[in-house]
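Down below is the structure, laid out as structure tokens.
Side chains included, hydrogens not; waters and symmetry mates left out as well; all remaining heavy atoms used. None of these values were measured; they are calculated from a predicted model.
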Amino acid sequence: MSDIEAAFEDGPAFVPYLAAGDPEIDASQRYVEALAAGGADVIELGLPFSEPIAEGPTIQSAIVRSLEGGMTVDDYFEFVDSLDVDVPVVCMTYYNLIYQYEDDEPQGGSEGQKGPAPFVRKAKEVGIDGFVVPDLPAEEADPLRTACDEAGLDLIFIVAPTTNEERLDRLVSLSSGYVYVQARLGVTGAREDVSERTTASLDRLAGYDLPKAVGFGIKSGEQARDIVAGGADGIIVGSALVDVVADGYESDEPVAETADRLEALCRELKQGAVAGAQDRPTPERT
Amino acid sequence: MSDIEAAFEDGPAFVPYLAAGDPEIDASQRYVEALAAGGADVIELGLPFSEPIAEGPTIQSAIVRSLEGGMTVDDYFEFVDSLDVDVPVVCMTYYNLIYQYEDDEPQGGSEGQKGPAPFVRKAKEVGIDGFVVPDLPAEEADPLRTACDEAGLDLIFIVAPTTNEERLDRLVSLSSGYVYVQARLGVTGAREDVSERTTASLDRLAGYDLPKAVGFGIKSGEQARDIVAGGADGIIVGSALVDVVADGYESDEPVAETADRLEALCRELKQGAVAGAQDRPTPERT
Amino acid sequence: MSESKPDPDPETEADAKFGDYGGQYVPEALMPAIEELQDAYERYVLDNEDGFMDEFRRRLRDFGGRPTPLQRADTLSERYDRDVYLKREDLLHGGAHKLNNALGQCLLAKYMGKERIIAETGAGQHGPATAMAAAHLGMPCEIYMGRRDINRQRPNVFRMRINGAEVNPVTTGRGTLKEAISETMRDWATTVENTHYIIGSIVGPAPFPAMVRDFHSVISEETRKQAKEQYGRLPDSVVACAGGGSNTMGIFADFVDSGPQSGPESASGGEPRADVGLYAVEAGGSSLSVDEERGVAPNSASLSTGSEGVLHGARTKLLQDSDGQIMESHSVSSGLDYAGVGPELAHLVDEERVEAVNVDDDAALEAFHRLSQAEGIIPALETAHALGFLEETDRDLGEFVVINVSGRGDKDLEAALEETEQRDIPNAPEMEVFE
Amino acid sequence: MSESKPDPDPETEADAKFGDYGGQYVPEALMPAIEELQDAYERYVLDNEDGFMDEFRRRLRDFGGRPTPLQRADTLSERYDRDVYLKREDLLHGGAHKLNNALGQCLLAKYMGKERIIAETGAGQHGPATAMAAAHLGMPCEIYMGRRDINRQRPNVFRMRINGAEVNPVTTGRGTLKEAISETMRDWATTVENTHYIIGSIVGPAPFPAMVRDFHSVISEETRKQAKEQYGRLPDSVVACAGGGSNTMGIFADFVDSGPQSGPESASGGEPRADVGLYAVEAGGSSLSVDEERGVAPNSASLSTGSEGVLHGARTKLLQDSDGQIMESHSVSSGLDYAGVGPELAHLVDEERVEAVNVDDDAALEAFHRLSQAEGIIPALETAHALGFLEETDRDLGEFVVINVSGRGDKDLEAALEETEQRDIPNAPEMEVFE
Ligand SMILES: Cc1ncc(COP(=O)(O)O)c(C=O)c1O
Ligand SMILES: Cc1ncc(COP(=O)(O)O)c(C=O)c1O
């Protein structure tokens, strides 16, 4: 069992997301550490890509801030390397950055100088545990899956409300660490309501062993509670947290205060998740 | 022999043109009388039409001034009626005004209520002696020619440099009073030079009996002299005189002064014509 | 009035007059050129000398994009509960039927050995079409355009200049079409020996009206053939807007003598009319009444409200005051904004072979938006009048109606939206998208 | 790198990959829609189920105005001392080849039971073409367009709104095409169940590149036929501009496998090439070099200067920095201003079946004016690149060259003149006519 999967063992996992380098490296490091302090069980850390087609406006803006601050792939790896957190880190990015990656110091044979293999090796080196790549469907995932297997890292796939049974089977079997259950159609972004489709998706996934983390649109402890009560093994929260960073940035709030607010929101979300687990009619894992 | 043709009997005729009502009725009357005082043998008096396709910018502007002053066809007839000049008056206008004319007081049978016949009758009544209608070629002239014949008035046709022998024959035979020899291609307007085509046209017309008056572009006594020396029986001057009116109008010159300048220019032109007749190698008429 | 002359010899003077209309009211200086043109028209156009018409037709096809489709308009057909077909002249190169004539005359000028082309343009499409045709045939070209129109119609001026034509601003008078025509005539009067003046509609002295009609009659030739192929018979009604009337006579030409229909019945089973109904839709402007005092007609409906007179070289129906002074016309569509109309149309209306109808500014704008939304075709504002007639009329147009889509509306976008904004056009889109 | 997979089953996955290019790099939420589209593409487009292709071709003819002419350009032919022919896609309804695809996809969406159309547009012609096609077929339509492009491209926005489409301003980023694509993908990710996203070029995830090519391949089908009819054989070279590459593959499609020419020799007696030469002309912009620091490429020459990567759903050639971040591209022609290119073109260039060349901003502007003046056709600035290649190249293009005139320049007048003014374009007309 990987460290990521293990993070789901002791009760529902809280999986927060931030874009690395938003709004700049130092503050961002402080914010990521606040996630851990706030109770994160796994951290999804965005490696910014210039065309984030699966993101809503909130995360897109975070990515723009980070890129405008000068974030590069090398910076990202350095950033992760220097993080002081002891929960597993998942790198969330788009495929082209993985595909283009070239190792400065080639290792081993002539293969693997460019693309998924050196990217995964480098990621492992700096302490990354797994990957979510929203524009990489099962159909195109073989090279990255292979590289992850070789390095012993997880590759997490997203299951959408539109995913049919056949694809679902394939996706879950390709996934390791957890399955990312997309709560609703659309892109990332905080919303008020919990979609019925979340429950439907969780039901469809009930027969599979891998932990199911639900994301897309969660912003409050109450939502977290409902979703976990509905059967999720974890919740993924991105835009609601990025909103806190954006707020702080726009109002020139001291970094420490923004970090405090982030930590507080994390606590609320985590508590919601924990409460949700207690609400469950028949808890299937504890 | 009509009064118009007779005006060419005693040496070269000077035929000035002004647009009636330019810039308004009273001044215009004064100006027309100045033409007579300056030595006009025949006066061409424009009845303004809204689409003067054969006029250059100078005369077009005169027409616009007159029309904007409110000139109507009835006003024109009144204007001519009240003129105090004792030379023949030629009405220069476009065919639509003739074609549309309706007599207020129908005379005679059911025909002739509208169009050339009543127009010519009315013109005769107010003392007009003939017509020049630049947009009425020989092909379309039958009705007006007939009406003129009935009323005993002249209809003057224009011979252009492009007119071929066959047309020339026909035009001269349809003309009465004089033949209007267009000195050059183009539209009315004062110019510096005398076209070679003037001489060519006069040569072509040498065999015909009717007086030949040359117009289009004459502005100075010297030009007048050259043209008459070249064989013309008269000169027609429009734009150069209209320029004087326009000048006076634009500089707010007192009407009397403008009239004086007009009269002076007329004298110069007339003298030029007379001098030209003396220069002739073999005068054919005296 | 009894001016009628015996009909001219049809062998030598093809269509110089249409009943009492038409003729040649131009300065003598131009008459030789007109005679020369008449001769060239007869030889090249009527008799296809030197294969002129073959070359013309080939260029219309390869350069112009002919034939244009005859398209069933599904949504309009449903709306009006009849089969409405659109003759797509908007797809011709340049975006309007105007090229048929511009190309024809430009080629004729070349056959005649002329070295230079001139033309007038208002706000409409004739200038750009002439500039294109002249560039295509390598002829130097100058276009007269009123100063005011130049400033209002930047894209059309751009197009002409980009095609290499000179654009001569006309500063006299109000600086619009009327003044531009006069100025072009002046140029022609000066340069007639080496220059051909391409008149933009079926107006002007003979042989222009007949010749321009003949260049445009390819529209009706195609429509006739397409109607038979696609519908099994001739249309019951043909509808076209009429400014000067070139697109109008272009699509009417081969239907004027249609006679009782024979041949197989239509696929859809409708009873064909005895005779193809021909509707010329004029611009009703804001009102059909006139302001005699100011010399202004707030419409361009010379067939419906005008009277006989002589303008720009021909006897025809005009908007004029009781003296015979030409009125200022008006229409939301600049291409219809003309105080006269082609003499042949005037004659056919008198003969009751063509019915003159009109559609006002508002109804035209509504029709502009209707076709755009219902069929995905943005029509010229001129064309919108023909389309408005379909909506407004209580005439029975029969089962099978053809509308001549004389041009596309790209040239009219700004004007249409501006005019739309000033009125209450129920189907107009909101334009709040701009900041 | 060893990512090659066995070729997908050609029966079920038509052209999902082109060599290593192509594929389907999209969020899982869209994959079912893409599978559904793949299925519809195979059934309706490839197998003509329910007569889909017949209806498509009929509508292209009646509504679109196909076939478009293949016209000999006399003046250019003389200039380049070879027979230069123009494939006149500028005459298609809307003024560019774009309608072929917009109409095809819109009709396909209708056959698939979709209720709503969305599309992105830059400054180019895809938005208006989609709005037209959607209005024609009665489908509600929303177009995403960057705020900056909206303010720069008023006429195109007018056209879309007048055709009844919603125009959704995209305010993120620089407010241009890139952001509009992302925003349209977001809409689609939310509404995928009832909505079809009409991609505007041969880019995006499979089956888009193959499907868009198939809708445009009518261009090359006609060209092939017309070349044989008019010239007696296939062309020696075919030249097209390439942004995404839809007009490019549209005219290349049926020539890719042309093989050695058979059949009678040409009328003009030229020796035909063994194989039809295919030239994809990219926008060279102001320079082929890139500014890695600022992430800006002052060109759009992804085939000539880009490298392999993944963008907007497909693996293809891109303008990217060494990390893989997409560069800002540039071209005087907005329709070529894109950092990627169709995967099939990338493959054909690697295979050396297509030659990738480029023409810079200045040469394109010069070519824009040249065609306008020499032939009376104002080309789109995109097309001007293809024409500029004729002037610039020292390749031997052979006796018989076809240029794809992908669109007309009416949309580009203001831009072309503005850009012309800022440079030293020797053949540009003076614009002193305005006051
Ligand atoms: C598209 C279009 N239709 C119609 C007209 C009116 O001209 P005509 O009545 O000669 O067809 C014009 C004139 O510019 C035009 O551009
Ligand atoms: C006229 C024209 N040509 C070419 C293009 C480039 O697109 P593609 O490369 O897909 O043909 C465009 C895009 O807007 C266009 O409008």
Exercise. For chain A, which of D:Glu179, D:Glu183, D:Glu193 has the most heavy-atom pairs under 4.5 Å?
Worked result: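 Highest number of pairs under 4.5 Å: D:Glu193.
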Problem set entry | Winner by heavy-atom pair count (cut-off under 4.5 Å) against chain A, out of D:Gly23, D:Ser182, D:Pro27 |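 It is D:Pro27.
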Problem set entry | Greatest number of heavy atom pairs closer than 4.5 Å to chain D - which of A:Val73, A:Asn96, A:Leu136 |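 Of the options given, most contacts go to A:Asn96.
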Problem set entry | Selection from A:Thr72, A:Val133, A:Asn164 maximising heavy-atom pairs under 4.5 Å formed with chain D |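 Heavy-atom pairs under 4.5 Å are most numerous for A:Thr72.
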Sort [X] into side chain, backbone, both or neither according to what part of it lies under 4.5 angstrom from a heavy atom of chain D.
X        : result
A:Val64  : neither
A:Pro48  : backbone
A:Leu171 : side chain
A:Pro134 : backbone

Exercise. Shortest non-hydrogen contact from A:Ile53 to D:Arg186?
Worked result: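 In terms of heavy atoms, the two residues are closest at O-CG, 4.0 Å.
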Who passes side-chain hydrogen bond (donor to acceptor under 3.5 Å, both in side chains) against [X], sequence neighbours left out?
X        : answer
D:Ser289 : D:Ser287
A:Tyr101 : none
D:Glu142 : D:Arg116, D:Asn168

Problem set entry | Contact listing (chain A partner; residues 320-327 of chain D; heavy atom under 4.5 Å) |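 When heavy atoms of chain A are the reference, residues 320-327 of chain D contributes D:Gln320, D:Ser322, D:Asp323, D:Gly324, D:Gln325, D:Ile326 within the under-4.5 Å range.
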For this session: Before giving the answer on salt bridge (Lys or Arg N to Asp or Glu O under 4.0 Å), spell out for D:Glu28 and A:Arg167 the whole-Å C-alpha distance, their side-chain angles and the decisive distance to 0.1 Å.
Result: CA-CA 9 Å; D:Glu28 171 59 24; A:Arg167 298 188 61 78; 2.9 Å; yes
Exercise. Going by atom types only, do D:Glu308 and A:Tyr99 share a side-chain donor-acceptor pair under 3.5 Å?
Worked result: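 There is such a pair between these side chains.
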Exercise. Would you call A:Glu139 and D:Lys17 a salt bridge, using N to O less than 4.0 angstrom?
Worked result: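 Answer for the salt bridge query: no.
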For this session: With a 4.5 angstrom heavy-atom cut-off, could you sort out which part of D:Leu311 is near chain A: side chain, backbone, both or neither?
Result: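 Answer is side chain: those atoms of D:Leu311 sit under 4.5 Å from chain A.
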